[in-house]
Amino acid sequence: MAGSLSVDLVAGLRTGTRGRLARWALLRLGGVVFVLWAVATVTFFALRLIPGDPAEAVLGGPGSQASAEALAQARADYGLDQPLVTQYAVYLGRLATGDLGSSYALREDVASVVLTNLGPTLLLAALSLLVAAALALGLAVWSTRGGRISAAIGSLLEIVAAAVPHFWLAISMILLFSTLLGWLPPVSVPGPLGLVLPVLTLAIPLAGFLGQVMREALLDAMQSPFVLAARTRGEGDGGVFWRHALRHAAIPAIGLVGWAFGSLVSGAVVVETIFARQGLGRSLLSAVQSRDVPMVIGVVLVVALAYMLVTTLTDLADRLVDPRLRRVSR
């Protein structure tokens, strides 16, 4: 009897866990679909509000001096002569089938262009995030364990780094490391050297912000009851800091990974343009300037999807690191 009850209990727990996971997955999937629809809708109508004729992008841009007959033919070929609501409905139908359309300016499939440029941007964002996390961690540890002078200098460095614009930092680093010292190339070239300046340009402002968050979390952790309990058990300062306080400080930083990814992708527009680097940011800027609607929406949708994926993985990492979230989920 007791054995059958325990088996039923275990089966019920497993069923409940699967049910919670299924509900969580359905909510996430619904959120992804809603975000993608909202992004596509806002981007579509925002581009239509820009002055100018989208048919000019099909014929080479505003400087192409296309004739009225050619413009009329381009509008008819791409459905630009239809009412705006009809164009929107047709485009949503194509997106629902996974068809991102064809680029007006490049005359290529948007999906293939986006996939070609996705890898370099993801590599740049991932390396920048790792470098920013390492810089933020080192700065937070040094400022909290080095005394008052270190704390003051570390706080000042964090504030300055977080406030530096990407374009100013990129130009300054080109002048210093390329023009004056000649150590690094001024534009992105194949190989590791071509990544150094773009990665640092993206990582330093993010490291300033993450460093402030981690430093405050470390200071808060050192005043927490679990630290006092660890000291009572006889652990030294090093053990308390590295085994307990540092893990506590990592929780808010992990929660900001999704925001950090979005910040890095938006900064990639400036960085990839300044350093002449291939990527989604540079492609997006060129598409906006030429009013290439399919390309702009395709790039924005892929970035939004990647952002939703990163935030989902961030939520899972939060539950692995923070036991309180695991208890709440149960």
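What's counted below: heavy atoms across the whole structure, side chains too, no hydrogens, waters or symmetry copies. Residue numbers count from 1 along this sequence.
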- Between atom CZ of F209 and atom CD1 of I159, what is the distance when rounded to the nearest 0.5 Å? 12.5 Å

- Same hydrophobic cluster for L305 and L124, using side-chain heavy-atom links shorter than 4.5 Å among ILVMFWY? yes

- So, the side chain of T43 versus the backbone of V39: is there a donor-acceptor pair under 3.5 Å, distance only? yes

- Message: Between L92 and V293, is there shared hydrophobic-cluster membership here, with clusters defined by ILVMFWY side-chain heavy atoms closer than 4.5 Å?
- Response: yes

- Looking only at heavy atoms, the pair that brings P120 and G279 closest together is CB-CA, 4.5 Å

- Task: Under the side chain to side chain contact (heavy atoms under 4.5 Å, CB included) rule, what do Y88 and Y91 come out as? Steps first, then yes or no, please.
- Result: CA-CA 5 Å; Y88 171 69; Y91 195 75; 5.9 Å; no

- Message: When you group the ILVMFWY residues by side-chain heavy-atom contacts below 4.5 Å and let the links chain together, are L156 and V164 in the same group?
- Response: yes

- With distance as the sole test, does S155 use its side chain to make a donor-acceptor pair with the main-chain N or O of A152 at under 3.5 Å? no

- Query: Between L301 and L95, is any pair of side-chain heavy atoms under 4.5 Å apart?
  - Reply: yes

Atom pairs and distances, side-chain donor-acceptor, residues 193-208, under 3.5 Å, sequence neighbours left out:
unit_1	atom_1	unit_2	atom_2	d
T201	OG1	L197	O	2.7

- Task: Flag yes if more than 12 heavy atoms outside I149 fall under 6.0 Å of its CD1 atom; otherwise flag no.
- Result: no

- List the atom of L36, the atom of A304, and the distance in Å for their closest heavy-atom pair. CD2-CB, 4.1 Å

- Message: Please determine whether side chain to side chain contact (heavy atoms under 4.5 Å, CB included) holds for the pair F44 and L84, giving the CA-CA distance in whole Å, both sets of side-chain angles, and the decisive distance to 0.1 Å.
- Response: CA-CA 10 Å; F44 181 87; L84 189 59; 3.8 Å; yes

- Please test R277 against V271 for side chain to side chain contact (heavy atoms under 4.5 Å, CB included), starting from the C-alpha separation and ending with a verdict. CA-CA 8 Å; R277 177 176 172 79; V271 171; over 6 Å; no

- Query: So which heavy atom on G298 is nearest to which on V114, and how close?
  - Reply: C-CG2, 4.2 Å

- Query: Side chains of T116 and Q278: closer than 4.5 Å at any heavy-atom pair?
  - Reply: yes

- If every non-hydrogen atom of V35 is compared with every non-hydrogen atom of M308, which pair is closest and at what distance? CG2-SD, 4.0 Å

- W183 CH2 to M173 CE distance, which is reported to the nearest 0.5 Å: 11.5 Å

- Non-hydrogen atoms of W142 and G154 that approach each other most closely: CZ3-N, 3.8 Å

- Item | Point-to-point distance, once rounded to the nearest 0.5 Å, from CG of L280 to CD of E272 | 7.0 Å

- Message: Count I, L, V, M, F, W, Y as connected when their side-chain heavy atoms are under 4.5 Å apart, and connections chain through other members. Are V42 and V265 then in the same cluster?
- Response: no

- Message: Donor-acceptor pair, distance only, cut-off 3.5 Å: does the side chain of S178 make one with the backbone of L175?
- Response: no

- Query: Can you hop from L157 to W168 via hydrophobic side chains spaced under 4.5 Å?
  - Reply: no

- Item | Minimum heavy-atom distance between V296 and A287, given as atom pair plus value | CG2-CB, 3.5 Å

- Evaluate side chain to side chain contact (heavy atoms under 4.5 Å, CB included) for L139 paired with E158, printing each intermediate quantity in order. CA-CA 8 Å; L139 194 58; E158 291 165 356; 3.2 Å; yes

- Item | Donor-acceptor pair, side chain of Q87 and main chain of Q82, under 3.5 angstrom | yes

- Message: Is it true that S102 and E108 share a donor-acceptor pair across their side chains at a distance under 3.5 Å?
- Response: no

- Task: Could you grab the distance from atom CD1 of I171 to atom CG of L176, nearest 0.5 Å is fine?
- Result: 13.5 Å

- Could you walk me through whether D292 and S103 pass the side-chain hydrogen bond (donor to acceptor under 3.5 Å, both in side chains) test, one step at a time? CA-CA 6 Å; D292 193 344; S103 169; 2.4 Å; yes

